[in-house]
Amino acid sequence: MLGAPGAGKGTQAERLARARRIPKISTGDILREAVHTGTEIGLRARAIMDRGELVSDDVMIGIVRERLDRPDAAAGFVLDGFPRTVTQAEALDGIMRGRAPLVIIDIDVPEEELIRRLGSRLVCASCGANAAPPTAAAASVLCATCGGQMIQRSDDNDATVRDRLAVYRAKTMPLLDYYKTRPTFRLINGAATPDGVAEDLARTVDSVLGAGAGR
Ligand code: AMP
């Protein structure tokens, strides 16, 4: 699942994974968990994430290689937040050799809308669920999934959002050229409602799989 920060990758990856009963593998979630538990990778990643920069390709490729090797990913998975560089995409192609082809979906959202979404996004401090803020002040909003406290992600402040979008344009947008000629690549409009995007995504994935990918 490709797309800029704020395009809705995490939300849509979660919905698709749940509907297909396959794991959602989010490299951002894996890193935030590592920061939270204070592992060595987490300690090193924290400052990089707070600046909106990318964690090194070597570290990310190692994390994803190990995760995709686990048995629960054997029948399929939804990848959210990886690859983010051409080097990561090349490594992923290597990891996927001998497995079913990747379905590559780019969720497209105009930049003004990304900035608006990221500036107002809240996430649950306990379970990580995302939510658009209701009218109440952030401090009084509780997570609809687990009842935890909803907070602003530390990298969703104005300055870091602008840096993340710049990093996206410089490092991740070239992936579109890397993937766009593949028969399993599709672009979908991410500016629609979450339900609308989810329907479009499900239909699009089905059409790619129906055309022979994954067999
Ligand atoms: P996300 O939750 O996908 O927006 O990721 C949050 C942050 O984690 C990013 O801004 C990066 O600092 C880091 N990160 C997540 N995935 C990757 C990746 N594939 N490569 C490098 N850094 C990543």
Side-chain angles (χ1 to χ4, degrees), residues 1-3 5 7-42 44-45 49 54-85 87-107 123-131 143-148 153 172 175 179 182 184-186 188 194 197-215:
M1 195 92 80
L2 301 180
K9 294 187 301 293
T11 304
Q12 296 298 336
E14 178 80 45
R15 290 176 70 146
L16 182 65
R18 209 175 323 123
R20 312 271 159 145
R21 297 176 200 279
I22 51 177
K24 169 195 143 179
I25 299 173
S26 159
T27 47
D29 286 351
I30 292 171
L31 290 172
R32 277 184 290 278
E33 179 63 27
V35 169
H36 189 71
T37 50
T39 64
E40 199 178 323
I41 285 179
R44 274 188 283 143
M49 294 169 78
L54 296 183
V55 173
S56 77
D57 286 334
D58 283 357
V59 168
M60 297 314 301
I61 291 164
I63 288 174
V64 169
R65 187 188 303 284
E66 186 276 324
R67 182 63 189 87
L68 294 186
D69 256 359
R70 292 203 217 149
D72 68 337
F77 50 82
V78 184
L79 252 185
D80 158 33
F82 185 97
R84 257 179 160 98
T85 64
T87 302
Q88 292 179 13
E90 287 167 349
L92 182 59
D93 281 336
I95 294 169
M96 293 303 291
R97 207 160 289 134
R99 298 176 70 155
L102 290 167
V103 178
I104 304 128
I105 307 281
D106 182 43
I107 306 186
V123 297
C124 176
S126 303
C127 76
N130 258 309
C143 174
T145 307
C146 77
R153 243 171 70 168
T172 307
L175 278 183
Y179 283 132
R182 294 199 188 181
T184 55
F185 175 82
R186 297 287 186 282
I188 67 171
V197 177
E199 276 167 34
D200 193 9
L201 175 63
R203 231 186 348 250
T204 303
V205 169
D206 283 341
S207 81
V208 175
L209 295 176
R215 272 166 245 211

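- When every heavy atom of Ala73 is checked against every heavy atom of Arg67, the shortest pair comes out as CB-O, 4.1 Å.
- Annotation for Ile22 and Ala75: closest pair CG2-O, 4.3 Å, computed over non-hydrogen atoms.
- When side chains are defined from C-beta on, Thr145 does not count as touching Cys124, because their heavy atoms never get closer than 4.5 Å.
- Without hydrogens or angle criteria, Lys9 side chain to Met1 main chain gives no donor-acceptor distance under 3.5 Å.
- The two residues Asp29 and Arg32 come nearest to each other via the heavy atoms OD1-NH2, 2.9 Å.
- Salt bridge annotation for Asp206-Arg203: absent, with no cationic side-chain nitrogen under 4.0 angstrom from a carboxylate oxygen.
- For the atom pair Thr27 OG1 and Ile61 CD1, the distance stands at 11.5 Å (nearest 0.5 Å).
- Considering every non-hydrogen atom in both Ala7 and Ile107, the closest pair reads O-CG2, 3.5 Å.
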Show, in sequence, the C-alpha distance, side-chain angles and deciding distance for Ile95 and Asp69, and conclude whether the side chain to side chain contact (heavy atoms under 4.5 Å, CB included) test is met. CA-CA 9 Å; Ile95 294 169; Asp69 256 359; 5.9 Å; no
Step by step, work out the salt bridge (Lys or Arg N to Asp or Glu O under 4.0 Å) result for Arg21 and Asp72. CA-CA 10 Å; Arg21 297 176 200 279; Asp72 68 337; over 6 Å; no
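- Residue Gly76 comes nearest to Pro23 through the heavy atom pair O-CD, 3.4 Å, listed as atom of the first residue, atom of the second, then distance.
- Interatomic distance, Leu201 CG to Leu16 CG, rounded to the nearest 0.5 Å: 5.0 Å.
- Around atom CD of Glu40, no more than 12 heavy atoms belonging to other residues, nucleotides or ligands sit under 6.0 Å away.
- You'll find the side chain of Arg182 stays beyond 4.5 Å of the side chain of Pro101, heavy atoms only.
- Atom CE of Met60 and atom CD1 of Ile30 lie 7.0 Å apart (nearest 0.5 Å).
- When all heavy atoms of Tyr179 and Phe185 are compared, the closest pair comes out as O-CB, 3.5 Å.
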Full working for side chain to side chain contact (heavy atoms under 4.5 Å, CB included) between Val64 and Gln88: CA-CA 10 Å; Val64 169; Gln88 292 179 13; over 6 Å; no
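- From Leu2, atom CG reaches atom CD1 of Ile105 across 9.0 Å, with rounding to the nearest 0.5 Å.
- For the pair Thr11/Val197, no side-chain contact is recorded, criterion being any heavy-atom separation below 4.5 Å from C-beta on.
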Would you check, one step at a time, whether the test side chain to side chain contact (heavy atoms under 4.5 Å, CB included) holds for Cys143 with Ser126? CA-CA 9 Å; Cys143 174; Ser126 303; over 6 Å; no
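- Using modelled atom types, no side-chain atom of Gln12 and backbone atom of Gly8 make a donor-acceptor pair closer than 3.5 Å.
- One finds the CG atom of Leu68 at 11.5 Å from the CD1 atom of Ile63 (value rounded to the nearest 0.5 Å).
- One finds the CE atom of Met96 at 4.5 Å from the CG atom of Leu102 (value rounded to the nearest 0.5 Å).
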